Amino acid sequence: MSKKVRVRFAPSPTGGLHLGGVRTVLYNYLFAKKHGGDFILRIEDTDQSRYVPGAEEYIFDCLRWCGLEPDESVQHGGAFGPYRQSERKPIYREYAEKLIAQGDAYYAFDTPAELESMRENYKTEQNPSPQYDHTLRLKMRNSLTLSPEEVTALLTSGTPHVIRIQMPGTGSISFTDMIRGEVSFDMATVDDKVLLKADGMPTYHLAVVVDDHLMQISHAFRGEEWLPSAPVHIRLWEKLFGREAMPAWAHLPLILGPNGKLSKRDGAKYGFPVFAMNWTDPKTGETVEGFRERGFLPEAFINLLSMLGWNDGTEKEIFSLDELVQAFSMERVHSAGAKFDYEKAKWYNQEWLRGKPVQEIILALRSQFESLNSLNSLNSLRLERIVELVRDRCHLLTDFKEQMSYFMEYPKTVDVAAIQPKWNVEKTAFFQALMDRYGAMESWSAASLEESFKTLATEQSIKPGELMLPLRIMLVGGKFGPGVFDIADILGKEETLHRIGVLIPQLANN
RNA sequence: GGCCCGUUCGUCUAAGGGCUAGGACACCACCCUUUCACGGUGGUGAUACGGGUUCGAAUCCCGUACGGGCUACCA
């Protein structure tokens, strides 16, 4: 029988969680759940120099928001911990030493300066970036070129060193990618990657192989940017645990920005979020906006991400997470990268907003806008009517703020210029009379307000069309929003009369 | 430069050798609407190029071009 499906994602706590990262998590998650397996989250904190405090918690917060909680992780426990790479340090050295004993790796004592001068010295026009590979390793200071005595002496004296894989200078290596099929590499073109760093921490290359083995990972899905280093990982599997035990690989297509691989800079540059949630770098204080704060619903965020490189073969585009789990298959994941389209992203959110009960929208709005929480229960009822009225005009949760603002307080700006040129004494008279009529009304409803308005207009021989816009400007402040009489209805008698009354003298005097 | 991956409307994509290359976003027009949206109807718009294989190619093969990724003691 096939072993249980176990997939893992290994974020590095060095910053925010971007679109591509969340999508990788999502596809891992979907595949695992579809096959009744586990989704493991391992923290890739090997590079201490870039480790940012708070980033680890941030990653979990993002996943929680998206509804993609791992089954095993630093925070959730599990049988294969620890899940933080820094806490697994001794394990990696053991396997690195094993490779050396087998003759598949070696110690290298080259200093950063020596490496730099190597790259400088061997740089040519044909080869601008020489690699530490089979053509150059015998010219460097390592356990291949030094005598055993020298090596022992350097080691015992505590000389800083790394362990490098020794890639063969001939032959090729190939594997089957679930998305791309057979991929093969000429081993002579692959360099001797560092496996264990001078500080004793593993590089990704060693860690991913050792951990995938120890954590019994059955499927390894990651971004396409890892494809070039796949031969190193395949080689490590061959030498350490055997190819039969190796997980199935899938290299996901990249999510592209307007210019190549999506970067966090693109967000600021083109005006859309690139991170799941706001991320503030504690070192620089710089904040990059997240989809959540921009007003996206998690369902929509997940949905739009899922469709960037995958579809179910039908014309269905709106999927809940549960539906995705059902419909997902790695066979239908694309091989080509997908350019992120913010306009379409907003459309997904609009669709999700449309299908949501008012109460849930209000709940989401309350969590986003503190000011809404101060409303009492009576206003809460009013809030429901308002949300129902403006929801069709909103793509994002944040759009509600603007759409609802004139219900909550007097309009911040009033576009008097839109009606001033056509204002006259007849209109002044009309609105004064309207205030009397409205003031005397017993039943305050949109229908009765409209009827009364039109009757008065007819009596005074003014076309209602001439008066609708002025009324709107008075109540809303601009040329937007739902029907004026609905607005007046919700505003209530007192506030409606106040807003009309305030503007009449202004218009009449100019 | 080298290695690897990729290429269908502007964007996301459907079509796994056989209808007029279908849908969605965006855009345009019209309808609805005495505002702005929503909605409805319709429209513009694509198989990168060149060779093969085949009765027949978007689809399979080769080449070219273009795009992207990698080329760190980062992931």
Side-chain angles (χ1 to χ4, degrees), chain A residues 10-12 14 21 44-47 49-50 108 110-112 115-116 119 123-133 160-164 177 179-180 183-186 188-191 193-205 207-208 222-231 251 253-254 256 258-261 304 307-318 331 334-348 350-351 354 390-395 399 403 415 418 454 463-469 471-473 476 478-484 487:
Chain A
S12 51
T14 55
E44 193 87 37
D45 61 341
T46 69
D47 191 355
S49 62
R50 299 205 312 159
D110 317 276
T111 63
L115 287 173
E116 199 180 317
R119 294 197 176 99
K123 186 163 82 177
T124 62
E125 212 157 283
Q126 274 69 39
N127 185 11
S129 46
Q131 306 193 101
Y132 203 120
D133 61 12
H161 63 277
V162 301
I163 295 178
R164 285 179 181 273
D177 185 278
I179 294 170
R180 280 151 231 282
V183 182
S184 96
F185 297 81
D186 190 349
T189 65
V190 182
D191 62 333
K193 288 266 183 274
V194 169
L195 263 19
L196 205 70
K197 303 192 264 189
D199 62 2
M201 291 290 275
T203 59
Y204 173 84
H205 307 296
V208 75
R222 65 219 317 186
E224 191 186 346
E225 71 269 28
W226 287 109
L227 207 40
S229 49
H251 290 88
L254 261 17
L256 280 358
N259 295 305
K261 194 175 166 184
L304 72 93
M307 302 304 285
L308 240 35
W310 172 87
N311 69 84
D312 75 341
T314 73
E315 283 171 5
K316 185 175 162 74
E317 291 189 274
I318 302 299
E331 290 71 44
H334 286 201
S335 43
K339 202 174 282 184
F340 174 68
D341 181 358
Y342 185 51
E343 291 305 318
K344 182 110 190 200
K346 284 195 290 193
W347 174 80
Y348 278 103
Q350 191 188 18
E351 287 293 308
R354 186 165 307 172
V390 302
R391 62 188 298 176
D392 280 345
R393 297 173 160 69
C394 301
H395 286 80
D399 292 339
Q403 290 291 336
D415 187 8
K454 288 189 170 163
K463 279 185 282 184
E466 298 278 311
L467 303 163
M468 297 286 275
L469 187 61
L471 180 60
R472 170 172 299 281
I473 299 292
V476 182
K479 290 195 242 183
F480 56 88
V484 256
I487 294 171

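Source: prediction; values computed, not measured. Numbers restart at 1 for each chain; the letters A, B, ... are given by sequence-line order, proteins then strands. No hydrogens, no waters, no symmetry mates; every other heavy atom, side chains included, goes into these values.
Across every strand in view, A29(B) sits in a pair with U41(B) that passes the Watson-Crick or G-U test at under 3.5 angstrom. Under the Watson-Crick or G-U wobble criterion, with both distances below 3.5 Å, A24(B) is paired with U11(B). Across all strands shown, G2(B) is found opposite C70(B) as a Watson-Crick or G-U wobble partner, with both distances under 3.5 Å.
Partners of K197(A) according to the salt bridge (Lys or Arg N to Asp or Glu O under 4.0 Å) rule, which considers only residues two or more places apart in sequence or in another chain, do not exist here. Shown here are the salt bridge (Lys or Arg N to Asp or Glu O under 4.0 Å) partners of D191(A), two or more places apart in sequence or in another chain: K193(A). K454(A) pairs by the side chain to side chain donor-acceptor pair (under 3.5 Å) definition with E450(A), not counting sequence neighbours. For R222(A), the side chain to side chain donor-acceptor pair (under 3.5 Å) partners two or more places apart in sequence, or in a different chain, are Y204(A), H233(A), H251(A). Listed by chain and number, the residues in a side chain to side chain contact (heavy atoms under 4.5 Å, CB included) with H395(A) are K346(A), Q350(A), D399(A) (sequence neighbours excluded). Residues satisfying the side chain to side chain contact (heavy atoms under 4.5 Å, CB included) test with N311(A), not counting sequence neighbours, are M307(A), R332(A), H334(A). A10(A) is linked by a side chain to side chain contact (heavy atoms under 4.5 Å, CB included) to R42(A), E44(A), counting only residues two or more places apart in sequence or in another chain. Listed by chain and number, the residues in a side chain to side chain donor-acceptor pair (under 3.5 Å) with N259(A) are Y270(A) (sequence neighbours excluded). Scanning for salt bridge (Lys or Arg N to Asp or Glu O under 4.0 Å) contacts around R393(A) gives an empty result, with sequence neighbours left out.
In this structure, the nucleotide among C3(B), U35(B), C73(B) sitting nearest to the side chain of K479(A) is U35(B). In the set U13(B), G39(B), A75(B), the nucleotide with an atom closest to the side chain of R354(A) is G39(B). With G6(B), C4(B), C12(B) as the candidates, the nucleotide lying closest to the side chain of F185(A) is C4(B). The side chain of K454(A) sits closest to U34(B) out of U34(B), C74(B), C36(B).
When side chains are defined from C-beta on, L304(A) does not count as touching W347(A), because their heavy atoms never get closer than 4.5 Å. Counting only heavy atoms from C-beta outward, the side chains of R180(A) and L227(A) approach each other to under 4.5 Å. At a threshold of 4.5 Å between non-hydrogen side-chain atoms, the residues F340(A) and L256(A) do not count as touching. A heavy-atom distance below 4.5 Å is found between the side chains of R472(A) and I487(A).
A336(A) comes within 4.0 angstrom of the backbone, heavy atoms only, and of no base. Across all strands, S129(A) comes closer than 4.0 Å to base atoms (heavy-atom distances). Using a 4.0 Å heavy-atom criterion, one finds that P160(A) contacts no nucleic acid atom at all. Residue N127(A) is in base contact, counting any heavy-atom pair closer than 4.0 Å across all strands shown. Using a 4.0 Å heavy-atom criterion, one finds that V183(A) contacts the sugar-phosphate atoms exclusively. Counting any heavy atom pair closer than 4.0 Å across all strands shown, V162(A) reaches a base atom. Using a 4.0 Å heavy-atom cutoff across all strands shown, G483(A) reaches at least one base atom of the nucleic acid. Heavy atoms of R180(A) sit under 4.0 angstrom from primed sugar atoms or phosphate atoms, though from no base atom.
For G45(B) and A21(B), the C1' atoms lie 13 Å apart once the distance is rounded to whole Å. Comparing G40(B) with G51(B), their C1' atoms are spaced 48 Å from each other, to the whole Å. With both ends at atom P, the span from C30(B) to C36(B) equals 14 Å, rounded to whole Å. If you take atom P in G17(B) and the same atom in U59(B), they sit 11 Å apart, rounded to whole Å. Using atom C1' as the reference point in both A26(B) and G50(B), the two lie 33 Å apart (nearest Å). Between U71(B) and A14(B), the two P atoms lie 30 Å apart (nearest whole Å). One C1' atom belongs to A75(B), the other to G56(B), and the distance between them is 49 Å to the nearest Å. The same atom, P, is picked in U13(B) and in C32(B); the two are 38 Å apart, to the nearest Å.
Residue R164(A) places at least one side-chain N or O under 4.0 Å from the OP1 or OP2 atom of C73(B). OP1 or OP2 of A75(B) sits under 4.0 Å from a side-chain N or O of T46(A). Within the structure, a side-chain polar atom (N or O) of N311(A) is placed less than 4.0 Å from OP1 or OP2 of A14(B). One finds a side-chain N or O of H334(A) lying less than 4.0 angstrom from the OP1 or OP2 phosphate oxygen of U13(B). Contact annotation: R119(A) does not reach the phosphate of U71(B) (side-chain N/O to OP1 or OP2, under 4.0 Å). The side chain of K346(A) places no N or O atom within less than 4.0 Å of a non-bridging phosphate oxygen (OP1 or OP2) of U11(B).
You'll find a donor-acceptor pair under 3.5 Å spanning the side chain of R393(A) and the base of C36(B), going by distance alone.
Of the charged side-chain nitrogens involved, at least one lies within less than 4.0 Å of a carboxylate oxygen, so that K344(A) and E317(A) count as a salt-bridged pair. A salt bridge does not link E116(A) to R119(A): none of the charged side-chain nitrogens sits closer than 4.0 Å to a carboxylate oxygen.
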In B/S/- notation, 5' to 3', how is nucleotides 24-30 of chain B contacted by protein heavy atoms closer than 4.0 Å? BB-----

Going 5' to 3' along nucleotides 57-70 of chain B, which nucleotides have protein heavy atoms under 4.0 Å from the base (write B), which only from the sugar-phosphate (write S), and which from neither (write -)? -----------SBS

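In this structure, C30(B) shows a glycosidic angle more than 90 degrees from zero, which is the anti conformation.
Each of A338(A) and L469(A) lies near RNA chain B, and the nucleotide nearest A338(A) is the one positioned closer to the 5' end. Along RNA chain B, the nucleotide nearest to S184(A) and the one nearest to C394(A) differ in position, and the one closer to the 5' end is contacted by S184(A).
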Could I get a table of every N or O pair under 3.5 Å where one atom is in the protein and the other is in nucleotides 41-49 of chain B?
none

